[in-house]
Engineer: 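I have a structure I would like to understand better, so I am pasting it below and will then ask my questions one at a time.
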Amino acid sequence: MSFTTGHVGLNVSDLDRSVGFYRKVFGFDVAGESADETRRYAFLAQDGTLVLTLWQQSEGRFAAGLPGLHHLSFQVPDIDSVRRAEAVVRETGATIHHGGIVPHGEGASSGGLFFEDPDGIRLEIYAPSGAEERPAPRPDAPTCGFF
């Protein structure tokens, strides 16, 4: 038996705000959404494939100190794609960690951008190579749990 990740469901506090954020940063299309105001959700897709379901059923901010999601990572083909995404993320005013694009570790070529969505859910956009030009986050530096 073989498994691949299907879509990911995230709890959000404000569906409209989150849909706008994920559409702007990732270019996702709304593939469907609830018509029932008491049970709000939206299906976000890329090239016709469901990627995320956002559920408006929470309050507050993401609690990194509790069991559950560590971060949600998205791979892009190259570091230039990460740079373009970084510019869009900065436009949104989202919290960005490590000052911007960083390699996954000292001497690593892979790396990316670590940031938060409007509810504080930790996200990553990375490329398999091209990040070696930047210094890696120091192990003793505060990293919000990304490394």
Side-chain angles (χ1 to χ4, degrees), residues 2-105 108-134 136-137 141-147:
S2 176
F3 297 93
T4 60
T5 302
H7 73 279
V8 173
L10 298 175
N11 286 337
V12 299
S13 61
D14 181 328
L15 185 64
D16 296 329
R17 177 183 68 178
S18 293
V19 166
F21 176 84
Y22 282 91
R23 290 189 75 197
K24 180 172 181 97
V25 171
F26 297 96
F28 294 146
D29 297 315
V30 177
E33 54 192 320
S34 65
D36 181 356
E37 283 297 314
T38 62
R39 187 180 160 183
R40 296 196 67 212
Y41 61 86
F43 298 128
L44 302 182
Q46 182 176 22
D47 300 325
T49 300
L50 180 60
V51 177
L52 284 177
T53 302
L54 302 177
W55 294 88
Q56 182 174 303
Q57 58 185 25
S58 62
E59 297 176 1
R61 296 206 30 96
F62 176 74
L66 297 176
L69 179 73
H70 183 271
H71 72 282
L72 182 56
S73 177
F74 296 89
Q75 182 177 336
V76 293
D78 52 51
I79 204 69
D80 287 336
S81 298
V82 180
R83 287 187 190 105
R84 286 190 298 275
E86 179 182 21
V88 175
V89 171
R90 288 189 185 281
E91 285 176 16
T92 71
T95 298
I96 294 176
H97 296 276
H98 311 299
I101 299 169
V102 293
H104 285 128
S109 179
S110 67
L113 181 69
F114 297 87
F115 60 103
E116 297 177 14
D117 83 350
D119 287 302
I121 297 170
R122 299 179 305 188
L123 303 169
E124 172 189 15
I125 298 174
Y126 81 96
S129 64
E132 64 276 357
E133 66 198 40
R134 299 281 314 248
T143 62
C144 74
F146 273 112
F147 288 93

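FYI, side chains are in, hydrogens and waters are out, and symmetry mates aren't considered; it's all heavy atoms of this structure.
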Engineer: Show the nearest heavy-atom pair for residues Ile101 and Arg83, with the distance to one decimal.
Structural biologist: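 For Ile101 and Arg83, the tightest heavy-atom pair comes out as CD1-CG, 3.7 Å.
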
Engineer: Which atoms form the tightest heavy-atom contact between Val82 and Gly112, and what is the distance?
Structural biologist: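 That would be CG1-CA, 4.1 Å.
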
Engineer: Would a distance-only check, ignoring hydrogens and angles, find a side-chain to backbone donor-acceptor pair under 3.5 Å from Arg122 to Glu116?
Structural biologist: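 Looks like no, no N/O pair under 3.5 Å.
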
Engineer: Should we say atom CD of Glu133 is surrounded by more than 12 heavy atoms from elsewhere, each under 6.0 Å from it?
Structural biologist: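 Enclosed: over 12 neighbouring heavy atoms sit under 6.0 Å from CD of Glu133.
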
Engineer: Report the C-alpha distance between Phe28 and Leu54 in whole Å, list the side-chain angles of each, state the deciding distance to 0.1 Å, and finish with yes or no for side-chain contact (heavy atoms from CB on, under 4.5 Å).
Structural biologist: CA-CA 12 Å; Phe28 294 146; Leu54 302 177; over 6 Å; no

Engineer: For Leu44 and Val30, work out which heavy atoms get closest and say how close.
Structural biologist: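 In this case the closest contact between Leu44 and Val30 is CD2-CG2, 3.9 Å.
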
Engineer: Any side-chain donor paired with an acceptor under 3.5 Å for His70 and Glu124?
Structural biologist: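 Distance-only check fails for His70 and Glu124.
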
Engineer: May I ask you to decide if Ser109's main-chain N or O and Ser129's side chain share a donor-acceptor pair within less than 3.5 Å?
Structural biologist: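 No, Ser129 side chain to Ser109 backbone: no donor-acceptor pair under 3.5 Å.
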
Engineer: With under 30° as parallel and over 60° as perpendicular, where do the rings of His104 and Phe114 fit, or are they tilted in between?
Structural biologist: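 Ring orientation, 0 to 90° scale: perpendicular.
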
Engineer: Begin with the C-alpha distance, continue with both residues' side-chain angles, and end with the deciding distance and a verdict on side-chain contact (heavy atoms from CB on, under 4.5 Å) for Phe26 and Leu52.
Structural biologist: CA-CA 11 Å; Phe26 297 96; Leu52 284 177; 5.8 Å; no

Engineer: Nearest 0.5 Å, please: how far is OH in Tyr41 from CG in Asp36?
Structural biologist: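 Those atoms lie 8.5 Å apart.
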
Engineer: Quick one: does any side-chain atom of Ser18 pair with a main-chain N or O of Leu15 as donor and acceptor, under 3.5 Å?
Structural biologist: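 Judged by distance alone, no pair lies under 3.5 Å.
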
Engineer: Keeping Glu132 on the side-chain end and Gly130 on the backbone end, is there a donor-acceptor pair under 3.5 Å?
Structural biologist: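 It does hold such a pair.
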
Engineer: Start with the C-alpha gap between Asp16 and Arg40, add the side-chain angles, then the distance that decides, and say whether side-chain contact (heavy atoms from CB on, under 4.5 Å) holds.
Structural biologist: CA-CA 10 Å; Asp16 296 329; Arg40 296 196 67 212; 2.9 Å; yes

Engineer: Within the side chain of Ser58, is there an N or O that forms a donor-acceptor pair under 3.5 Å with the backbone of Val12?
Structural biologist: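 Such a contact is found between Ser58 side chain and Val12 backbone.
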
Engineer: Evaluate the criterion side-chain contact (heavy atoms from CB on, under 4.5 Å) for residue pair Val25 and Leu123; output intermediate values, then yes/no.
Structural biologist: CA-CA 11 Å; Val25 171; Leu123 303 169; over 6 Å; no

Engineer: What closest approach, in Å, do Pro103 and Ala108 show between heavy atoms, and which atom pair accounts for it?
Structural biologist: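 Where Pro103 meets Ala108 most closely, the heavy atoms are CB-O, 3.5 Å.
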
Engineer: List the atom of Gly99, the atom of Arg90, and the distance in Å for their closest heavy-atom pair.
Structural biologist: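 For Gly99 and Arg90, the tightest heavy-atom pair comes out as O-NH2, 3.0 Å.
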
Engineer: Could you grab the distance from atom CD of Glu37 to atom CD of Gln56, nearest 0.5 Å is fine?
Structural biologist: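 Going from the CD atom of Glu37 to the CD atom of Gln56 covers 8.0 Å.
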
Engineer: Does Pro118 offer a backbone N or O that forms a donor-acceptor pair with the side chain of Arg61 under 3.5 Å?
Structural biologist: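 Indeed, once roles are kept as given, a pair shorter than 3.5 Å links the two residues.
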
Engineer: What is the distance from atom CD1 of Ile121 to atom NE2 of His71, rounded to the nearest 0.5 Å?
Structural biologist: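 Going from CD1 on Ile121 over to NE2 on His71, the span is 13.0 Å.
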
Engineer: Can you confirm whether Phe74 sits close enough to Val51 that some side-chain heavy atom of one is under 4.5 Å from a side-chain heavy atom of the other?
Structural biologist: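 Yes. Closest side-chain heavy atoms under 4.5 Å.
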
Engineer: Tell me if a side-chain donor or acceptor on Asp117 pairs with a main-chain N or O of Asp119 at a distance below 3.5 Å.
Structural biologist: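 Indeed, once roles are kept as given, a pair shorter than 3.5 Å links the two residues.
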
Engineer: Answer with yes or no whether the side chains of Thr49 and Asp47 bring together a donor and an acceptor at under 3.5 Å.
Structural biologist: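 No, Thr49 and Asp47 have no side-chain donor paired with an acceptor closer than 3.5 Å.
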
Engineer: Determine the minimum heavy-atom distance between Gln57 and Asn11, stating which atoms define it.
Structural biologist: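 Smallest interatomic distance, heavy atoms only, reads NE2-OD1, 2.8 Å.
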
Engineer: Quick one: do the Glu59 and Ser13 side chains pair a donor with an acceptor below 3.5 Å?
Structural biologist: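 There is no such pair between these side chains.
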
Engineer: Donor-acceptor check, side chain of Asp78 to backbone of Asp80, threshold 3.5 angstrom: yes or no?
Structural biologist: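 Judged by distance alone, yes, a pair lies under 3.5 Å.
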
Engineer: Leu69 versus Phe62: any side-chain heavy-atom pair under 4.5 Å?
Structural biologist: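 The answer is yes; the side chains approach within 4.5 Å.
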
